[in-house]
Amino acid sequence: MLKPIVILAAVLLLLAGSGARADEAAIRKGLQSKFPQAEVQSVTKLPYMGLYEVVISNEILYADENFDYIIYDGNIIETKTDRNLTSERKRKIAMIPFNDLPLDLAFKRVKGKGERKMAIFSDPDCPYCRRIEGDLAKLDNVTIYTFLFPIDSLHPQASDKAKRIWCSTDKVKAWDDYLTKGVAPSAAPTCDNPVDKLVEFGTKRGINATPTLVFANGERVPGAISAQQIEKLLSGAKAN
């Protein structure tokens, strides 16, 4: 005859197993609802952190037992809202308070009333910087601070061009002529210029690509985004 303690242990083990299967079923149901076209190959409870390993189309992701969150490719995603919490956190960490920017080391363009503000770190020889200038030209009611940020490892002549632009009598015209018309700046690169200081500032702030945009609310956005995206970010920054 089995002892009561043995019977109790067996019951608890059975309950634990059925609970795990129930959680696996709930997760599988949530996955199929969220990704109806995906092939759910397996759902396995892990022996740590209360996580479940999920294999979908040979990709691995992790979920909590309630399927409130999934972890995929290093990102935590809230399943109900599709919010990428990791991406949001990275954006917040990357923010640069606008007042921390060395605005005295930029040249300024005012369009319309210039009530909204943004800054751009730009390399004169960067093709994406050239492309975004066309989108910046479509904006209105904005003040744009341009920081000369040459990346010599990609564009060996960029520092020389940046210094020549800064040393020009009309910096804005020299910049526009070079980026939109291909007219090289003719000024000598020997005046007192902020190029090296800006490279040092940007490097310390983790800026490693051009163009990089900074908006009035501190949000930093790398890449040549469209005029519509810039407009949306400008309006959001002003509202905040």
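Here the structure is a predicted model, which is why all the values come from computation and not from measurement. Counting begins at 1 with the first residue of the sequence.
Here the NZ-CG distance, from Lys117 to Asn99, works out to 6.0 Å after rounding to the nearest 0.5 Å. To the nearest 0.5 Å, atom SG of residue Cys129 and atom CH2 of residue Trp175 are 6.0 Å apart. Distance check: Ile165 CD1 to Lys171 NZ gives 11.5 Å after rounding to the nearest 0.5 Å. The distance from atom CG of Asn75 to atom CZ of Arg83, rounded to the nearest 0.5 Å, is 13.5 Å. The distance from the CD1 atom of Ile76 to the CG atom of Asp68 is 12.5 Å, given to the nearest 0.5 Å.
Across all non-hydrogen atoms, the minimal contact from Gln41 to Asn58 is OE1-N, 2.5 Å. Shown here for Ile27 and Ala63, the closest heavy-atom pair between the two residues is CG2-CB, 4.4 Å. Across all their heavy atoms, Ala162 and Leu148 have their closest contact at O-CD1, 3.3 Å. What you find for Tyr145 and Ala106 is that their closest heavy atoms are CB-CB, 4.0 Å. Nearest heavy atoms, Thr146 versus Ser122: CG2-CB, 4.5 Å. Across all their heavy atoms, Met118 and Phe215 have their closest contact at CB-CD2, 4.1 Å.
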What's the verdict on side-chain contact (heavy atoms from CB on, under 4.5 Å) for Asp152 and Val199, showing C-alpha distance, side-chain angles and the deciding distance?
CA-CA 10 Å; Asp152 287 337; Val199 170; over 6 Å; no
CA sep, side-chain torsions, deciding dist, call: Leu61, Ile77, side-chain contact (heavy atoms from CB on, under 4.5 Å)
CA-CA 11 Å; Leu61 57 87; Ile77 300 167; over 6 Å; no
Please assess Glu200 against Lys204 for the test salt bridge (charged side-chain N to carboxylate O under 4.0 Å, His left out), listing each intermediate value before the final yes or no.
CA-CA 6 Å; Glu200 181 181 3; Lys204 286 182 178 178; 3.4 Å; yes
Walk me through it: do Val214 and Phe121 pass the test side-chain contact (heavy atoms from CB on, under 4.5 Å)?
CA-CA 8 Å; Val214 181; Phe121 287 78; 4.2 Å; yes
As a quick check of understanding, evaluate side-chain contact (heavy atoms from CB on, under 4.5 Å) for Thr210 and Leu154, giving each step before the final call.
CA-CA 11 Å; Thr210 54; Leu154 297 176; over 6 Å; no
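Residues meeting the side chain to side chain contact (heavy atoms under 4.5 Å, CB included) test with Lys90, sequence neighbours left out: Thr86. With sequence neighbours excluded, the residues satisfying side-chain hydrogen bond (donor to acceptor under 3.5 Å, both in side chains) with Thr81 are Glu78. Contacts of Ser226 classified as side-chain hydrogen bond (donor to acceptor under 3.5 Å, both in side chains), with partners at least two apart in sequence or in another chain: Gln228, Gln229. Annotation: side-chain hydrogen bond (donor to acceptor under 3.5 Å, both in side chains) contacts of Asp64 (sequence neighbours excluded): none. Take Leu46 and apply the side chain to side chain contact (heavy atoms under 4.5 Å, CB included) test, not counting sequence neighbours, and it matches Tyr48, Leu51, Glu53, Tyr62.
At least one side-chain heavy atom of Asp125 sits under 4.5 Å from a side-chain heavy atom of Tyr178. Counting only heavy atoms from C-beta outward, the side chains of Ile132 and Ile230 approach each other to under 4.5 Å. In this structure, Pro102 and Phe147 have side chains that are in contact, with non-hydrogen atoms separated by less than 4.5 Å. Taking 4.5 Å as the limit, every side-chain heavy atom of Ile151 sits out of range of all side-chain heavy atoms of Cys126. Using a 4.5 Å heavy-atom cutoff, the side chains of Ile71 and Tyr69 are not in contact. Using a 4.5 Å cut-off on side-chain heavy atoms (C-beta onward), Arg116 and Glu231 make contact.
Within a 6.0 Å radius of OH in Tyr128, other residues, nucleotides and ligands contribute 12 heavy atoms or fewer. Atom CD of Gln157 sits in a sparse spot, with 12 or fewer heavy atoms from other residues, nucleotides or ligands closer than 6.0 Å.
Formation of a donor-acceptor pair under 3.5 Å by the Arg131 side chain with backbone atoms of Ala224 is found in this model. Of the possible polar contacts, one joining the Asn217 side chain to the Glu219 backbone as a donor-acceptor pair under 3.5 Å is found. Under a 3.5 Å cut-off, the side chain of Arg109 and the backbone N or O of Ile144 do not form any donor-acceptor pair.
For the side chain to side chain contact (heavy atoms under 4.5 Å, CB included) with Pro124, the qualifying choice from Lys161, His155, Arg164, Arg130 is Lys161, the only one to do so.
For the residue pair Asn84/Tyr72, the side-chain donor-acceptor check at 3.5 Å is not satisfied.
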Please tabulate, for the side chains in residues 180-191, all donor-acceptor contacts under 3.5 angstrom to protein atoms that are two or more places apart in sequence or on a different chain.
residue, atom, partner, partner atom, Å
Thr180, OG1, Asp176, O, 2.4

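Note: the hydrophobic cluster containing Ile96 also contains Leu105 (ILVMFWY, side chain heavy atoms under 4.5 Å, direct or indirect links). In the hydrophobic clustering of ILVMFWY residues, with side-chain heavy atoms under 4.5 Å counting as a link, Leu136 and Ile225 come out together. Hydrophobic clustering (ILVMFWY, side-chain heavy atoms < 4.5 Å, transitive): Phe98 and Ile207 are in one cluster. Cluster membership check: Met49 does not share its hydrophobic cluster with Val54, using side-chain heavy-atom separations under 4.5 Å among Ile, Leu, Val, Met, Phe, Trp and Tyr. The cluster map of Ile, Leu, Val, Met, Phe, Trp and Tyr, joined by side-chain heavy atoms under 4.5 Å apart, puts Ile70 and Ile56 in the same cluster.
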